[in-house]
Amino acid sequence: MSQANNSRFPAWSPKALLRNRAFLTVAIVILVWIVAGFAKPGFGSYGHLRYLLELAAVIGLVAIGQTYVVIAGGIDLSVGAIVTVSAVGVPLVALSGDGGGAFAVLIILAAATSIGFLNGLGVAYLRIHPMIMTLAMATFLQGVLILIAGGTAISAQNPLLAWLGNARIIGIPAGVLLWAVVSGAALAVLHATPFGARLYALGANPLASALSGINVQATTMAVYAVSGLTAGLAGVLILGMNGQGYVGIGDPYLLASIAAVVLGGTSILGGSGSYAGTIPGAILLVTITALITVVNASAGWRSILFGSLILLLLLLSGRESQRR
Amino acid sequence: MSSLTRTGDDRLYWRAQGERNRGLMGLFAVVAAFLALYAYLFPGLLSVAGVSKFAQSWLPLALVAMAQAILMLTGGISLAIGATVSLGAVIAATTMSGYFGVAGGIVAVSASGLAIGALCGVIAIRLRLPAIIVTLAASFIIGGLALLILPRPGGAIPGWFSDLLAGNTPAALGLVFLVALLWKLYLATPLGLSLYAAGENPVGAYRAGVPVDAARIAAYAISGLLSTLAGLFIAAQTGSGDPVIGQAFTLNSIAAAVLGGVGFLGGRGTMRGAIAGSLLLSVMINVMFFLGFPPVAQYVAQGLIIIGAVALPQLTARFRRRP
Amino acid sequence: MTPQAIIKANGLSKSFFGNPVLQNVSIALEPGRIHALLGENGAGKSTLINLLSGALAPDGGEIEIDGRSHRRLTPSEARRAGIAVVQQELSLTSDLSIAENIGLGAYPRRFGLIDYKALARKAREVCDLVGLEENLSTPVGDLPLGRRQMVEIAKALFRKPRILVLDEPTSSLSAHEAQTLTRLLQRLRQEGTAILYISHRLNEVMRLCEHVTVLKDGKVTADRSLQGVDAAGLVRLMVGRDPGDLFPHWTPSPERQTIVEVAGFSSGLLRDIDLDIKRGEILGLGGLVGQGQEDLLLGLYGALPASARRAVFNNVAGLPSSVSRANALGLAYVPADRKREGLHLIHSIAWNMMLPDFGKARGLSRRDPAAERKLATELADRLSIKGDLTRQVQALSGGNQQKVALAKWMPADPPILLLNDPTRGVDVETKREIYVLLRRFAAQGKAIVLSSSDTPELVHLCDRVAVMREGGIAALLEREQISEEAIVAAAMGAEAAKVAA
């Protein structure tokens, strides 16, 4: 039996590993870290790498939902606004009797998930193009946020958040641990459950998925809800790390999440890729940003290098072109 | 022998144009209503100074709406509009006070817009890469270029030029008409009109002998040109260049085009719709300001209006299909 | 005097992904002659047209235009040589006006701009020819399908072609429009245009054409004058193949219980259909393409809004409201366009086989990779799909792809199988395997609904055949009544029926 299986399911060969985008992105990250560590004293120190991971954790959390949505053939342009909702929202719902602060966090996470769910509702039932739906949602949220919170920064007095932002567990920042745990769950759902398989089905061929008995609408709504949830989670983490939230705090994470997804080898056309690539993608993103700061490049060069890198990686994965 | 005797054949161009207005009457009515409301709230609008001021706040948005719409007509999209606007602004602010003067600056701004747009187009179309990612990457590169040219707000626009464009003259309104006229001219060329066919039915267009790729790349180039020109105008308005001033325009350009009825899948929509969409957005912002809404309420309204504008036809179609 | 052929194809061959679609096909089009190209679906007609118009490059053979031979014809060369094609699928832009569509790619110019006066004049000329009375400024999106087809024909005429190819031009035309077209073609013939005419309507072909080329499985089976051939003869030319031992021996199944029953069923094109489907039978759906066969299958499957006065599926009353409900009731559907509707081409063979289970299982339950591999291996063995199951489905041949599309339903063991043209574009060997499989299913007591554009398939496999015509069942043939002639006759309607009878 196992003999027969082997010819049907060949074992992983080193060659296949070299074609694996997640592995390649990890390799690039390690390479960059080694080179930078030698070239620039201090870059490779544990403290600095830990700092990079903390930054990557926020992007990585937002990118979980973005990866899910992109694999399922959509795109979520509202994640930046949802991050802000959560970072500004938690201090606002601080309730008396909520000593630990967990209750406020849960309420905000539920709100973030509902926003994502509404995005899904618009895409699945009103058949609004994902880009329009999520863009409109982002615009709407931006307005609501300023109306409610105004232009000033709001400080959070929330013990849970303070712990999340500052605690170290055996030297590892709590935020990075949170990212690791949630990433594990996200990967498991994506690769080891029927729901994850449905995302790949939807992104590759929605019509064939529907005719195979997959509930396309329910899956669409669920995937945008997940995106809302992880963006909300990222907002909570930022708030913990920053101590205060303000309108616009989440804006940089929209493009960063898309860039992390693309750097990790997930096809923007949907149907293929993995969060396993997005994780090193997010780390690569903050590493490059940091590196360009370290080598004293100006903001302009930083941006140009960054854009060129995305373009280069896109060109290297010629597979995209064959898909059309 | 019956040729040309049928009524209206000799006025084909104008009648075809008229047909394209049909689906837009609702939008035009809404725009007119908002304009009337605005004029009622702010009678000062109905003066040279009022019109000038309003047109100056509208022009950049109109330009980027057109820049986005032309790409959407071909089935593409650009996330680099905002960065290109910034680049246009800094190039204008650094060249116009230099040796070649205002004329040289205009040439530099236009040439860079055309070149950057065409380059994006070639990469996206020729290499068959998804436009959304190519332009996302391009937005970083273009934004970086703007920062290299002018790391922080600065530069200068000659005072007389600022006064000419953004002073107490309705020059901005004239520019909107001029650009719209040039667009009509372009759409009357074979390459221009091919945009629609290349966007909606590329295979059929190719079989009919339409240079599909050329039409699409030209669209990217024109889009880049319109974006940098919007930057030039903003620089003239503020008297200097700011390397990040354009950021908000990426999303606003999509919003205006969508409000104007331009579809995401290519071949659907009109430029006059996109211009009307940008006008609606501009007037809305002004009206809400005068009604005493906090300036940010426009975002709430904008989001709701976009969803409504797209979902309404879907809902009515579904309702009608029911027996 | 025999006129010289304007365009001649010699020994053209073309394969897609290793499956031969055309083999050594030759055809010659002469000025002033209407040449019919006949053949069943998948016989290679469209491929031949695409080769003649330069849209595809042949693998072998050459195309000769005015005596000059081309190995590879580009679309622009073909256009310059005066070849115009009216494709089956329309190539119009709905936001542009009639005139702007007609002139597309060949606009008259003045100072670099489109000369709208000249465009109006020329477009009106060709519109007069095809009887388009509409305003030239009307957007094409506003026109009904038949009028759009006329615009498409006008667009071809606009370029003053010497060679006009029409691919089923009358399929969406009204009788009046079809008459206009007939008159037009006769006039073009007099003016010396070479015309290649593809149609499933034999009476039309008989009336219009002088010469016929018949394609069968990518080969020319007849190339002759139409003189002395009647409609029945044409039918024989098209379907006339020795069925050989392609089909398994037909034996009636013992089980004959009704498993699906619908009355007053409407869906898409279909209006008010009564139908019952029995266990142990293969019920064939025949007829010309697009007469409602697909709507029937999709309506039963819950994938298309449907209504019925009475419906019983597997002892449960009511129509399935969704695909997952239909799956739960024991229905499975294998679509005709497997690339677009049946398979996830970028995913692996094994993954595709698991898909219905992914839809059915609890979303956040754990997948069992070992069990999935075991099942995939079993399915692959059962359907003799060879090799590595982690390959992407798009790497497979059409036949093997079809097997994967079938295999994915087998774990659920559905008692009702809805198959939409499952052997289209499939090689002979796989066809035979699929036939054997279907008869075996019937013997096991499953109910199978087989829509097919391949008439011999219906004759040799089915227990009953419902011939569809214009959204209704034109004839329900019992086993002893089934013959190719009877099916074709019912599909074509009364006129041809008399001829065949």
Side-chain angles (χ1 to χ4, degrees), chain A residues 75 77-78 81 118 122 125-133 135-151 247 251 254-255 258-259 261-262 267-269 292 297-315 317-318 320-324, chain B residues 77 79-80 83 120 123 126-134 136-152 243-244 247 250-252 254-255 257-258 263-265 293-315 317-318:
Chain A
I75 192 156
L77 301 183
S78 69
L118 283 179
Y125 283 103
L126 298 180
R127 306 258 182 93
I128 303 177
H129 192 287
M131 236 188 294
I132 300 182
M133 182 64 217
L135 178 66
M137 179 61 85
T139 315
F140 175 81
L141 290 176
Q142 197 182 352
V144 170
L145 277 166
I146 304 179
L147 283 181
I148 295 175
V247 176
D251 290 355
L254 167 56
L255 293 186
I258 298 176
V261 169
V262 173
S267 163
I268 202 75
L269 303 176
I292 302 167
S298 68
W301 278 115
R302 198 159 45 191
S303 185
I304 291 176
L305 279 174
F306 183 63
S308 309
L309 194 86
I310 296 182
L311 208 54
L312 191 74
L313 282 165
L314 191 63
L315 285 173
S317 61
E320 296 264 4
S321 55
Q322 292 164 15
R323 281 273 306 277
R324 291 216 292 198
Chain B
I77 190 161
L79 297 183
C120 285
I123 294 173
R126 282 287 170 191
L127 302 177
R128 309 236 171 262
L129 296 172
I132 178 167
I133 296 300
V134 170
L136 173 65
S139 76
F140 287 107
I141 299 173
I142 298 166
L145 283 175
L147 281 169
L148 283 189
I149 295 171
L150 208 58
R152 55 191 58 81
V244 293
Q247 271 173 0
T250 299
L251 298 191
N252 277 339
I254 299 177
V258 168
F264 262 95
L265 303 173
F293 280 98
V296 294
Q298 53 158 304
Y299 292 119
V300 179
Q302 197 174 316
L304 291 175
I305 287 178
I306 292 172
I307 296 181
V310 182
L312 206 63
Q314 278 288 344
L315 285 176
R318 191 175 295 188

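Keep in mind that what you see is a predicted model, and the values were worked out from it rather than measured.
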Open item on the list: I'd like to know which of Val258(B), Leu79(B), Ile133(B) tops the heavy-atom pair count under 4.5 Å against chain A.
Closed with: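 Most heavy-atom pairs under 4.5 Å with chain A: Ile133(B).
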TODO: Report the option among Ile132(B), Leu147(B), Leu148(B), Ile149(B) that has the most heavy-atom pairs separated by less than 4.5 Å from atoms of chain A.
DONE: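 Of Ile132(B), Leu147(B), Leu148(B), Ile149(B), Leu148(B) has the most heavy-atom pairs under 4.5 Å with chain A.
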Task: Gap between atom CG of Leu254(A) and atom CD1 of Ile258(A) - 0.5 Å precision - done: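 Reported to 0.5 Å precision, the distance equals 4.5 Å.
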Open item on the list: If I take atom CD1 from residue Ile128(A) and atom CG from residue Leu135(A), how far apart are they, to the nearest 0.5 angstrom?
Closed with: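 Answer for the CD1-CG pair, Ile128(A) versus Leu135(A), is 11.5 Å.
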Task: Pairs of heavy atoms under 4.5 Å with chain B: top-ranked of Gly300(A), Ser308(A), Ala138(A), Gly122(A) - done: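 Of the options given, most contacts go to Gly300(A).
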Task: Selection from Ile75(A), Leu147(A), Leu77(A) maximising heavy-atom pairs under 4.5 Å formed with chain B - done: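 The candidate making the most pairs under 4.5 Å is Leu147(A).
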Task: With sequence neighbours excluded, residues passing side chain to side chain contact (heavy atoms under 4.5 Å, CB included) with Ser303(A) - done: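 Listed in chain order: Phe140(B).
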Open item on the list: Checking Leu118(A) now: which residues fulfil side chain to side chain contact (heavy atoms under 4.5 Å, CB included) with it, not counting sequence neighbours?
Closed with: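 Applying side chain to side chain contact (heavy atoms under 4.5 Å, CB included) to Leu118(A) gives Leu121(A), Met137(A).
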Between [X] and chain A, with a heavy-atom cut-off of 4.5 Å, which part of the residue counts as in contact: side chain, backbone, both or neither?
X	answer
Ile77(B)	side chain
Ile123(B)	side chain
Val134(B)	both
Leu136(B)	side chain

Please report the shortest heavy-atom distance between [X] and [Y], naming the atom on each side.
X	Y	result
Pro243(B)	Pro151(B)	CG-O, 3.9 Å
Ala80(B)	Ile142(B)	CB-CD1, 4.2 Å
Ala83(B)	Ser139(B)	CB-O, 3.4 Å

- [ ] With a 4.5 angstrom heavy-atom cut-off, could you sort out which part of Val262(A) is near chain B: side chain, backbone, both or neither?
- [x]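 Just the side chain, heavy atoms under 4.5 Å.
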